[in-house]
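Just so you know, ligand 1 is whichever comes first in the structure, and atom 1 is the first atom listed for that ligand.
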Amino acid sequence: MATFRQRAMDEAATHGNGRFYNEEGPVSRYFGQNVLDLDKMRGYMSQQAYEAVLASVRYGAKLDRSVANEIASGMKAWAIEMGATHYTHLFQPLTDSTAEKHEAFISVKDGKAFEKFNGSALVQQEPDASSFPNGGLRNTFEARGYSAWDPSSPVFIMDGTLCIPSVFVSYTGEALDTKAPNLKSLHALSEAAVAVANLFDENVKSVKVNLGVEQEYFLVDESLYNARPDLMMTGRTVIGHTSAKDQQLEDHYFGAIPTRVSSFMKDFETEAYKLGILLQTRHNEVAPNQFECAPVFCEATKAIDQNMMLMIIMQKVAEKHHLKVIFHEKPFDGVNGSGKHCNWSITTDTGVSLLSPGKTPTKNLQFLSFYASVLRAVHRHHYLLMASVATLSNSYRLGGNEAPPSVMSVFSGSTLYGVFQAIMNMKDVKESVDSKQESIKIVNSIPEIFPDNTDRNRTSPFAFTGNRFEFRAVGSSQNVATAVCVVNSIVAESLREFRKYVDALEAAGEDRSSAVLAVVRRFITESRDIMFEGNGYSKEWEIEAASRGLRAVRNVPDAYEVFNEEATVEMFGKLGVLAPNEVQARFEILNETYVKKLQIEARILGDICLSHVIPAAVKYQNILIENVKGFKDIFGDSYMNYCAAEVETLKKISGYINNVSKDVELLVEARKKANRIENIAERAKVYSRDVKDMMDKIRESADNLEMLIDNEVWPLPKYRELLFF
Ligand code: ADP
Ligand code: MG
């Protein structure tokens with residue numbers, strides 16, 4: 001009988017290069033057709049209602065009930081024209097995915113059917129919150145939570161359902177999602193950045209964050225995926241020997257995109273375009289069957305929502321192509337993992353990019369003020385920043401094969417780095433006229449020497465790339481809202497201090513540009529340890545970083561302790577982003593999620609070993625035993641002259657079988673012991689040590705068995721099959 005694997009391979013061979021493009025002609029014809037943007041909205045409601053939406057989008061103004069009813073009825077009209085039958089609040093609980101509960105528009109009154117959708121349904125829904133992670137925020141007797149429309153993100157239609165991007169909060173108002181705190185962090189950042197920008201231009205009224213999210217992913221054939229219980233359950237392979245060829249020839253990166261993949265890409269891009277997601281790049285990534293796509297950057301909330309939608313669309317479209325999209329950060333050992341690079345920049349409502357050096361000294365002084373504030377923020381909260389992307393799945397990636405290191409640093413490029421050195425070496429600007437001249441010269445010189453934004457360092461987790469920072473440690477499966485919220489918050493805190501120090505110097509009689517430059521200098525000097533221009537993958541940097549006092553994330557649950565540190569709790573609290581109990585809840589949820597995911601991995605590893613690996617090994621042993629017996633029958637006592645290799649293999653297999661079965665038992669023990677620990681953070685720490693160690697050990701034996709056992713009887717698709725379809 002054929003193994004499950006062989007059947008899967010036969011099936012995979014029939015999957016071909018499907019093409020399903022259902023749109024012809026230029027993309028501009030259908031771009032954004034499934035989104036109700038502000039422009040379209042105007043046609044579906046009165047001027048007054050439209051202006052209410054506008055005020056809500058621009059300034060967060062509250063919508064009153066009568067207007068909400070009119071807006072809802074306009075949305076309903078549009079949605080029905082578009083063929084929608086249901087609506088849902090789409091929210092982002094603390095699970096890194098989205099949640100939706102569909103309600104039908106259809107209603108019946110006096111025997112007559114009609115479509116119903118009113119203002120209160122638009123503004124608020126009350127899904128039962130009891131099954132979402134809440135970290136103790138929800139009273140047991142009050143299971144309700146509610147979701148509320150976020151007007152800054154437009155509604156859209158997916159699969160015949162009107163989707164309403166929403167925040168999700170507990171009945172007592174605490175955030176149970178990633179969107180609510182992120183919106184607050186954007187607000188805090190805008191306020192703090194305006195105060196600093198006003199030092200240079202009084203007309204700045206608001207500052208927004210722009211975000212460009214690069215999404216990496218793997219593709220695996222659906223039949224092979226279904227034959228790997230570990231991929232199905234955990235998104236990664238818990239065993240699997242490396243393939244003889246993987247990425248060593250470096251022939252995949254930017255290579256020709258295989259036809260089957262490009263068909264898939266075109267199809268999901270079409271669907272993304274309809275939702276107004278402006279995808280711009282697509283290419284092969286470093287590992288075999290690994291790819292990337294990136295949209296043009298846009299305002300942060302929209303970019304985050306769009307990334308979440310994109311992940312959903314990609315999965316849905318993949319089904320048509322008999323593919324599975326793997327967003328896990330490290331699905332395969334030994335080859336590169338996947339990230340989600342977050343390109344982050346800030347601009348004023350007057351159209352100035354605050355992280356772009358300008359043509360005049362004032363512009364450059366402004367640029368330096370913002371740059372220095374980011375540096376200070378990243379330096380002070382470097383461990384929090386790494387902890388914000390520390391998950392079980394991302395921990396398999398960080399610090400490994402060409403992935404960002406597990407310690408934070410900022411890369412500025414040689415030109416800027418030179419400017420910072422010069423500023424740090426400057427004498428106190430207050431001291432002499434000379435020094436002032438010198439400083440003006442430095443500031444003046446930036447535009448001339450700065451065009452090299454090609455000066456890039458791929459090994460840095462937080463790199464400046466000319467007009468933005470690229471946060472590269474974010475994991476491919478994560479909702480980037482969490483990381484972006486941290487960046488926004490720590491920078492807001494730093495900018496507040498920047499303005500405070502400048503004000504103090506001015507009050508003491510300093511002129512403005514000297515005061516600003518003095519604070520720039522202070523921030524850069526105090527944060528110089530976070531600056532690193534060299535190879536972030538090197539062993540030397542690991543040692544150097546430690547000697548600078550930079551804390552690396554070696555263990556995920558240890559890193560979560562940063563959420564208990566005063567600097568973290570105070571920072572989120574004073575900015576109004578997360579109250580102390582909300583920070584505490586996140587700490588609990590992160591630990592709980594870590595434990596649950598590792599528990600699932602450990603279980604599936606045990607299952608696979610006992611029900612796939614060992615039976616296959618025994619089957620092959622029996623074949624060998626028969627073979628050896630045959631030799632004995634023919635050659636009598638001298639049989640060993642003919643089958644010494646078979647006997648040797650038999651012994652090796654026995655040894656590995658023993659190891660696997662003994663270690664799986666120990667793994668179960670380790671898990672049971674850990675499960676008895678009441679405190680979730682402590683339990684997570686024990687899991688991260690004992691359970692994980694045992695899993696590594698088991699994997700080694702199982703992978704050795706894969707190498708020894710007859711290919712015909714090995715039941716699980718191998719790396720070479722999964723990675724090269
Ligand atoms: P690379 O892989 O070389 O970093 P990509 O083209 O794949 O570059 O992605 C770069 C991302 O950065 C895109 O999403 C792009 O729109 C975004 N981006 C470019 N300029 C800015 C900016 N000023 N602010 C935020 N994101 C930006
Ligand atoms: Mg990039």
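- At least one donor-acceptor pair under 3.5 Å links the side chain of His382 to the backbone N or O of Arg551.
- Taking a 6.0 Å sphere around NZ of Lys184, one finds it holds more than 12 heavy atoms contributed by other residues, nucleotides or ligands.
- At a heavy-atom cutoff of 4.0 Å, ligand 1 is contacted by no atom of His341, backbone or side chain.
- Neither the backbone nor the side chain of Gln280 has any atom closer than 4.0 Å to an atom of ligand 1 (non-hydrogen atoms only).
- Checked by atom type and distance alone, the side chain of Thr568 pairs as donor or acceptor with a backbone atom of Val562 at under 3.5 Å.
- Between Lys179 and Asp150, at least one side-chain N (NZ, or NE/NH1/NH2) sits under 4.0 Å from a carboxylate O, which counts as a salt bridge.
- Take Phe156 and apply the ring pair (Phe, Tyr, Trp, His ring centres under 6.0 Å) test, not counting sequence neighbours, and it matches no residue.
- When only interatomic distances are considered, the shortest N/O to N/O separation between Pro295 and ligand 1 falls below 3.5 Å.
- Only the side chain of Arg458 comes within contact range of ligand 1, with a heavy atom under 4.0 Å; no backbone atom does.
- We find that Lys266 and Glu269 are not joined by a salt bridge, their nearest charged nitrogen and carboxylate oxygen being 4.0 Å or further apart.
- Ligand 1 is never approached by Gln215 to a heavy-atom distance shorter than 4.0 Å.
- Distances between N or O atoms of Trp344 and those of ligand 1 include no value under 3.5 Å.
- Short contacts between ligand 1 and Val296, defined as distances under 4.0 Å to a heavy atom of the residue, involve ligand atoms 16 (O).
- Here atom 25 (C) of ligand 1 lies nearest to Asn343 when heavy atoms of Leu355, Ile346, Asn467, Asn343 are compared.
- The shortest heavy-atom distance from His283 to ligand 1 is not under 4.0 Å.
- By the 3.5 Å distance cut-off applied to N or O atoms, Leu211 is not counted among the residues near ligand 1.
- Here salt bridge (Lys or Arg N to Asp or Glu O under 4.0 Å) pairs that include residues 196-205, with residues two or more places apart or in two chains, number zero.
- Taking every heavy atom of Glu470 and a limit of under 4.0 angstrom, the matching atoms of ligand 1 come to 4 (O).
- In terms of polar-atom proximity, defined here as any N/O pair under 3.5 Å, Ser345 does make such a contact with ligand 1.
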Inset, instruction - Start with the C-alpha distance between Glu493 and Arg380, add both sets of side-chain angles, then the distance that settles side chain to side chain contact (heavy atoms under 4.5 Å, CB included), and finish with yes or no. - result: CA-CA 10 Å; Glu493 179 194 45; Arg380 180 185 288 168; 3.3 Å; yes

